**Q** 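Structure in structure tokens, see below.
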Amino acid sequence: MTQADLVFINGPVFTADAQRRRASAVAVAGGRIIAVGHDELRDLVGTGTEVVDLAGRMLVPGFQDAHVHPVWGGLDLLRCDLSELNSQDDYLARIARYSAEHPDDQWVLGGGWSMSAFPGGTPTAEALDRVVPDRPAFLPNRDGHGAWVNSAALRLAGIDRDTPDPADGRIERDADGNPTGTLHEGAMTLVNRHLPETSLAMLVDALMLGQQYLHDRGVTAWQDAIVGSYGDAGDPGPAYLAAAEQGRLTARVVGALWWDRGAGLEQIPSLVERRERFRAGRFAATSVKIMQDGVAENFTASMLEPYCDGHGHPTDNSGISFVDPETLLPAAAELDRLGFQLHFHAIGDRAVRQCLDAVEHAISRNGRSDHRHHIAHLQVVHPDDVPRFRELDVAANMQSLWASLEPQMVELTLPFLGEPRSSWQYPFRDLQRAGAVLAAGSDWSVSTPNPMAAIHVAVNRVAAPGLEEGDYEAFLPEQSLDLATSLAAYTAGSAYVNHLDEMTGTVEVGKFADLVVLDRDPFAGPANEIGETRVLQTFVQGERVFAASDA
């Protein structure tokens, strides 16, 4: 009889398999699951077996984040991190302290501020100058689609009233046309091209910090949504390669190579070369990330109809499609032909439609494949496009934490979308009914990478405990998902998108023992407590990579 290395007993097991089979014990040997069952697995316990008594707590497959930026999240933790704060005064106090503690840094870097903390979502250089008057500062917001800069940064970049807006962005200006200190989308590059290069050593340190941060929250695999130069961080690819070659990458990672929206089809050979170069250990850069639009809060999400002016009247702005369809369609077809997975960012309904059109075009040129293309975010989806996800085999990559009412949604989104578009937001239940594959992710460092917080919102359509920013009712509750579906999306669904489903994503015999012990059975309590669930232990291939102090 085989002796197990590790046995979990005495607790519910969420298998995430197609049958949703029930179990109360799991045995592991050689890093793989060798048995799933009940009390009979105690026969596999030998003198060298570690036994984990679940004591009624739940065992689940390791969470997989289908859209995340761990290196950038790690850098934020190493730099001036504003992500846990929520007001201008708190931001300025933190920036002032950080600046004083790092007097030798050429720039003040960091970020994570919330747009809802500022009138119109746009902080000013004048305010930032009060705490950083002596050197340039560049601080992206939480979603990475805008940056707060001071006057020194504007001067260094030569940005003044005569500087034109780039095609893929906007400089926030006062009534006289002078830049005020907020740069949207592609306008950020006017400053970040002057940033000092982030060293490989620092990027690896950030990756290790980000990896542990995710393991602590039960995440055992992910898709890094931008492997390339973007924002203020540098290219994460070499850091992944170095960590994988050194055996320090404990997670399983798919890299999504960045599509440079300032270039065209001529960049495809370099993507092929990078795919071959960035492959080692548990890392493979087999996807391509195409950011098709911006975000609704700064009116750069690409919409089928113009934004409203806040009083219900249409404007002349319908957002920005970053990649023209004349380039997007042939690019998608050629990348698909070359075996790449397409990972799209699409917030607005026009962007979603353009991405679906691109996949449809690729199928018409190449036939169907198993590349598992997916669209992330899906904030506004026109009802006519919901069934196309199933028809085109495009996975819906949900960031469900955002599907709740909070100040940014209430003040900076709903008035400018108007009806009926406001009711088309995050239509997860409609996508499920249409038969779409559901995957899940966090977009950390944009928002918390805690899967149980996101699952809480998917089920309740209200913010998770501890993350509330006001007392709001449920947001479009008819689009809620049940707990089992939400858990499966964050495990089996994301494993499918990552092409890791043959080896991970479910608790089944033969699969790697990527497993997580929760502090409770979330099915046994009320739905409004799901978000209070904590991770106690995380295992990758049977090796413990995290244990809480009370595990």
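Because the structure is a prediction, the values reported are computed rather than measured.
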**Q** With a 3.5 Å cut-off and no angle check, do the side chains of Ser116 and Gln408 form a donor-acceptor pair?
**A**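 Absent: no donor and acceptor within the cut-off.
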**Q** Taking the six-membered ring where the residue is Trp, are the ring centres of His345 and His343 under 6.0 Å apart?
**A** no
**Q** Please determine whether the number of non-hydrogen atoms from other residues, nucleotides or ligands lying under 6.0 Å from atom CD of Glu197 exceeds 12.
**A**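 Check fails, neighbour count at 12 or below.
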**Q** With side chains defined as the heavy atoms from C-beta onward, is the minimum distance between Val60 and Val507 less than 4.5 Å?
**A**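 Answer no - side chains too far apart.
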**Q** Hydrogens and angles aside, do Gln267 and Arg274 bring a side-chain donor and acceptor to less than 3.5 Å of each other?
**A**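 Side chains of Gln267 and Arg274: no pair found under 3.5 Å.
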**Q** Using the test side-chain contact (heavy atoms from CB on, under 4.5 Å), find all partners of Ser321 that sit at least two apart in sequence or belong to another chain.
**A**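 For Ser321 the side-chain contact (heavy atoms from CB on, under 4.5 Å) partners, ignoring immediate neighbours, are Gln292, Ser302, Arg350, Gln354.
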**Q** List the residues meeting side-chain contact (heavy atoms from CB on, under 4.5 Å) with Ser83, not counting sequence neighbours, and say none if there are none.
**A** Asp81
**Q** In terms of heavy-atom contacts, does CD of Glu276 have more than 12 from other residues, nucleotides or ligands at under 6.0 Å?
**A** yes
**Q** Is the terminal nitrogen or CZ of Arg544 (NZ for Lys, CZ for Arg) located under 6.0 angstrom from the six-membered ring centre of Phe539 and within 45° of that ring's axis?
**A** no
**Q** Are His184 and Thr300 close enough that a side-chain donor and a side-chain acceptor fall under 3.5 Å?
**A** no
**Q** Under the 3.5 angstrom rule, does the side chain of Asn460 hit a backbone N or O of Ala527 as a donor-acceptor pair?
**A** yes
**Q** Once the angle between the rings of His377 and His67 is folded into 0 to 90°, is it parallel (under 30°), tilted (30 to 60°) or perpendicular (over 60°)?
**A** perpendicular
**Q** Let's go through Glu391 and Arg388 carefully: what are the C-alpha distance in whole Å and the side-chain angles of both, what is the deciding distance for salt bridge (Lys or Arg N to Asp or Glu O under 4.0 Å) to 0.1 Å, and is it a yes or a no?
**A** CA-CA 5 Å; Glu391 293 164 5; Arg388 299 180 70 198; 5.3 Å; no
**Q** Can you confirm whether or not the ring centre of Trp113 sits under 6.0 Å from the ring centre of Tyr91?
**A**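 No, they do not, as the ring centres are separated by 6.0 Å or more.
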**Q** Assess whether atom CZ of Arg390 is packed by more than 12 heavy atoms of other residues, nucleotides or ligands within 6.0 Å.
**A** no
**Q** Among side-chain atoms of Gln341 and His374, is any donor-acceptor pair under 3.5 angstrom?
**A** yes
**Q** Please check if any side-chain donor atom of Asp17 sits under 3.5 Å from a side-chain acceptor atom of Thr15, or the reverse.
**A** yes
**Q** Between the side chains of Gln537 and Arg57, is a donor N or O closer than 3.5 angstrom to an acceptor N or O?
**A** no
**Q** Could you tell me whether the side chain of Gln479 and the main chain of Asp430 form a donor-acceptor pair under 3.5 Å?
**A** yes
**Q** Hey, are Arg534 and Asp550 close enough for a salt bridge, meaning a charged N less than 4.0 Å from a carboxylate O?
**A** yes
**Q** Are Arg372 and Tyr496 in a cation-pi setup, meaning NZ or CZ lies under 6.0 angstrom from the ring centre and within 45 degrees of the ring axis?
**A** yes
**Q** Any side-chain donor paired with an acceptor under 3.5 Å for Ser442 and Asp65?
**A** yes
**Q** Does the plane of the ring in Trp444 sit parallel, tilted or perpendicular to the ring in Tyr213? Use 30° and 60° as the thresholds.
**A** parallel
**Q** Return yes if some donor-acceptor pair links the side-chain N/O of Gln399 with the main-chain N/O of Leu378 below 3.5 Å, else return no.
**A** no
**Q** Assign the ring pair His69 / Trp72 to parallel, tilted or perpendicular, where the plane angle (0 to 90°) is split at 30° and 60°.
**A** parallel
**Q** Judged by modelled atom types alone, do Asp76 and Ser445 share a side-chain donor-acceptor pair under 3.5 Å?
**A** yes
**Q** Say whether His499 and Asp370, considering side chains only, have a donor N or O and an acceptor N or O under 3.5 Å apart.
**A** no
**Q** Within 45 degrees of the axis of the six-membered ring of Tyr426 and under 6.0 Å from its centre: does Arg461 put its NZ or CZ there?
**A**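 Because its charged atom misses either the 6.0 Å distance or the 45° angle limit, Arg461 does not stack over Tyr426.
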**Q** State, to 0.1 Å, how close Arg217 and Pro451 come at their nearest heavy-atom pair, and which atoms those are.
**A**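 For Arg217 and Pro451, the tightest heavy-atom pair comes out as O-CD, 3.3 Å.
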**Q** Identify the residue among Gln425, Glu469, Glu297 that makes a side chain to side chain contact (heavy atoms under 4.5 Å, CB included) with Met409.
**A**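 Running side chain to side chain contact (heavy atoms under 4.5 Å, CB included) over Gln425, Glu469, Glu297 with Met409 returns exactly one hit, Gln425.
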